[in-house]
Amino acid sequence: MPELPEVQTIVTTLRPSLLGRPLSNVRLLRPDILHPSGLELPAKVNGRRVADVTRRGKKIIIQLDDGESFFIHLGMSGRLTLEASASQLPLHTHLVISLPENRELRFTDPRRFGGVWWIGDDYHPDSGLGPEALDLIPAYLIERLARTKRAIKTALLDQKLIAGIGNIYADEALFAAGIHPTTLTHRLKPDQITALVRAIKKVLTRALRHKGSTLRDFRNADGQPGGFQKLHRVYDREGKPCHNCKTPLLRLVLGGRSTHFCPSCQKR
DNA sequence: GTCCATGTTCTTTA
DNA sequence: CTAAAGAACATGGA
């Protein structure tokens with residue numbers, strides 16, 4: 001579910017309800033989603049107020065008023081929602097934190113690829129992550145793509161290269177830039193990479209405006225689905241006509257992931 | 001039963 | 001040795 005637009009939408013909907021609020025009654029229902037395992041999360045969090053809620057790549061970072069922080073990664077199926085305390089706990093709810101006025105923050109994740117990572121007071125926002133997709137500079141990508149040879153689609157999913165892009169927006173950005181997904185990175189021309197940077201920002205910005213894509217799991221912190229799935233040009237549209245040229249769209253598997261493209265608009 | 005899924009990381013191969 | 005490809009993780013829906 002969660003690529004940059006979805007994660008940012010959650011942060012945007014979560015932030016006003018959390019800022020300055022005290023956290024209490026931390027319940028870790030499924031201890032194995034916490035890293036490092038065995039950490040006494042309630043002792044660290046209970047009684048603290050939320051100083052900030054931000055995003056880095058696909059991570060949701062919660063900073064506390066004592067200078068410590070932790071992040072939540074939603075994996076494939078995670079949700080982070082604000083609910084009335086009286087409402088029933090859904091299946092696969094792994095963490096619940098109480099808020100004032102009988103509300104609570106809940107982390108739910110059937111597949112458990114997501115989880116909670118304690119950061120502490122030594123936060124390095126860039127550790128292991130490339131630059132934010134929305135801050136990309138063509139010169140950076142031109143330099144980085146020249147020293148590797150792999151399919152551009154696979155490279156776009158590499159969070160160490162660019163932070164925030166996942167399978168949906170990689171396909172959509174390559175279509176918008178007119179680049180075939182199997183093109184090897186070192187063969188891309190500077191003009192193409194510049195167009196790709198522009199396409200990435202355009203697609204992500206449009207998705208943000210529509211509050212993300214909901215294929216099945218994604219909901220924002222208020223439980224609302226996104227709307228951008230209706231505007232996908234290629235993702236999950238195998239066999240359907242291209243919006244530009246009516247050619248039936250194709251699907252192939254790259255790096256183990258479904259890849260959707262137009263064989264006419266995205267030539268090698 | 002089979003296949004597939006919005007992600008990441010570890011292992012295997014080249 | 002390094003980079004790239006593949007497998008694994010856990011669960012549910014078609």
Side-chain angles (χ1 to χ4, degrees), chain A residues 1-11 29-37 55-60 71-81 90-94 107-117 127-130 133 144-175 181-187 200 203-204 206-208 210-220 224-239 251-260:
Chain A
M1 123 196 181
E3 306 182 32
L4 186 153
E6 291 75 35
V7 177
Q8 182 61 50
T9 298
I10 289 173
V11 167
L29 281 48
R30 181 86 198 207
D32 60 341
I33 58 110
L34 177 64
H35 311 272
S37 62
R55 178 190 61 76
R56 177 73 175 93
K58 301 172 188 173
K59 300 172 181 173
I60 297 164
F71 75 82
I72 293 155
H73 195 296
L74 298 170
M76 292 273 256
S77 58
R79 288 186 189 181
L80 195 60
T81 55
L91 265 182
H92 309 295
T93 299
H94 307 314
F107 171 64
T108 305
D109 183 12
R111 290 168 74 177
R112 301 208 310 281
F113 288 177
V116 176
W117 281 260
S127 68
L129 283 184
R144 288 294 303 265
L145 292 180
R147 20 189 265 223
T148 177
K149 64 165 191 197
R150 50 182 169 165
I152 181 61
K153 162 65 186 281
T154 309
L156 290 180
L157 298 178
D158 180 353
Q159 302 299 298
K160 293 188 290 299
L161 181 69
I162 307 168
I165 300 175
N167 209 33
I168 294 174
Y169 300 107
D171 284 3
E172 294 295 324
L174 286 171
F175 174 77
T182 65
T183 309
L184 296 179
T185 52
H186 69 299
R187 296 221 186 279
I200 288 169
V203 165
L204 292 177
R206 290 188 71 215
L208 275 168
H210 292 271
K211 300 176 163 60
S213 302
T214 294
L215 300 186
R216 54 199 288 181
D217 293 307
F218 173 64
R219 296 293 185 280
N220 71 22
Q224 302 300 311
F228 192 65
Q229 65 283 354
K230 296 173 193 152
L231 300 175
H232 291 172
R233 293 299 193 227
V234 287
Y235 187 84
D236 204 24
R237 296 194 66 242
E238 180 186 12
R251 171 184 174 275
L252 53 81
V253 175
L254 269 181
R257 318 302 303 279
S258 272
T259 298
H260 314 76

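By convention in this document, chain letters (A, B, ...) are assigned in the order of the sequence lines, proteins followed by strands, and residues within each chain are numbered from 1. Only heavy atoms go into these numbers, but all of them, side chains included; no hydrogens, no water, no symmetry mates.
Residue A/Gly256 is out of contact with every strand shown, counting any heavy-atom pair closer than 4.0 Å. Note on A/Tyr169: nothing from the nucleic acid sits closer than 4.0 angstrom, heavy atoms only. Among the protein residues, A/Arg147 comes within range of no part of the nucleic acid, since none of its heavy atoms lies under 4.0 Å from any strand. Contact annotation for A/Arg112: backbone-only contact, meaning every heavy-atom pair under 4.0 Å involves sugar-phosphate atoms and none involves a base. Here A/Thr148 lies in heavy-atom contact (under 4.0 Å) with sugar-phosphate atoms only.
Residue A/Glu3 contributes atom CD, which lies 13 Å from atom C1' of B/dT8 at whole-angstrom precision. Between the CE atom of A/Met76 and the P atom of B/dG7 there is a distance of 6 Å, given to the nearest Å. For A/Ile72 and B/dT8, the CD1 to C1' distance is 17 Å, given to the nearest whole Å. Rounded to a whole Å, the NE2 atom of A/His35 is 11 Å from the C1' atom of B/dT8. One atom, NZ of A/Lys160, and another, P of B/dT8, lie 10 Å apart when rounded to the nearest Å. The separation between A/Asn167 atom CG and B/dA5 atom P is 8 Å, rounded to whole Å. Remark: P of B/dC3 and CD of A/Glu238 are 16 Å apart, rounded to the nearest angstrom. Spacing between atom CG of A/Leu254 and atom C1' of B/dC4 amounts to 17 Å, rounded to whole angstrom units.
Judged by distance alone, the side chain of A/Gln159 and the main-chain N or O of A/Gly57 form no donor-acceptor pair under 3.5 Å. When atom types are taken as modelled, the side chain of A/Thr214 and the backbone of A/Gly226 share a donor-acceptor pair closer than 3.5 angstrom. Side-chain N or O atoms of A/Thr185 include one that pairs as donor or acceptor with a backbone N or O of A/Thr148 at under 3.5 Å. In this structure a side-chain-to-backbone donor-acceptor pair under 3.5 Å is present from A/His94 to A/Asp109. With hydrogens and angles ignored, the 3.5 Å screen pairs no side-chain donor or acceptor of A/Glu238 with any backbone N or O of A/His260. No donor-acceptor pair under 3.5 Å is formed between the side chain of A/Gln8 and the backbone N or O of A/Leu208. Judged purely by atom type and a 3.5 angstrom limit, A/Glu6 has no side-chain atom pairing as donor or acceptor with the backbone of A/Gly212. A/Glu172 places no side-chain N or O within 3.5 Å of a backbone atom of A/His232 that could act as its donor or acceptor partner.
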Response to the item:
Base-pair string, DNA chain C, Watson-Crick plus G-U, cut-off 3.5 Å on both distances, | for inter-strand, is .||||||||.||||
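Under the salt bridge (Lys or Arg N to Asp or Glu O under 4.0 Å) criterion, A/Lys230 pairs with no residue at all, not counting sequence neighbours.
Bounding nucleotides for the chain A contact on DNA chain C, 5' to 3', at a heavy-atom distance below 4.0 Å, are C/dA4 to C/dG13.
If you run side-chain contact (heavy atoms from CB on, under 4.5 Å) between A/Pro2 and each of A/Val7, A/Ile10, A/Thr9, only A/Val7 comes through.
Residue A/Gln159 places its side chain closer to B/dT8 than to any other of B/dT8, B/dA5, B/dG7.
For A/His73 and B/dT8, the shortest distance from a side-chain N or O to OP1 or OP2 is below 4.0 Å.
The 5' end of DNA chain C is approached more closely, in terms of each residue's nearest nucleotide, by A/Ala151 than by the other of A/Pro110 and A/Ala151.
With P as the reference atom, C/dC1 and B/dT9 are 23 Å apart, rounded to whole Å. Comparing the P positions of C/dG13 and B/dT8 gives an interatomic distance of 23 Å, to the nearest angstrom.
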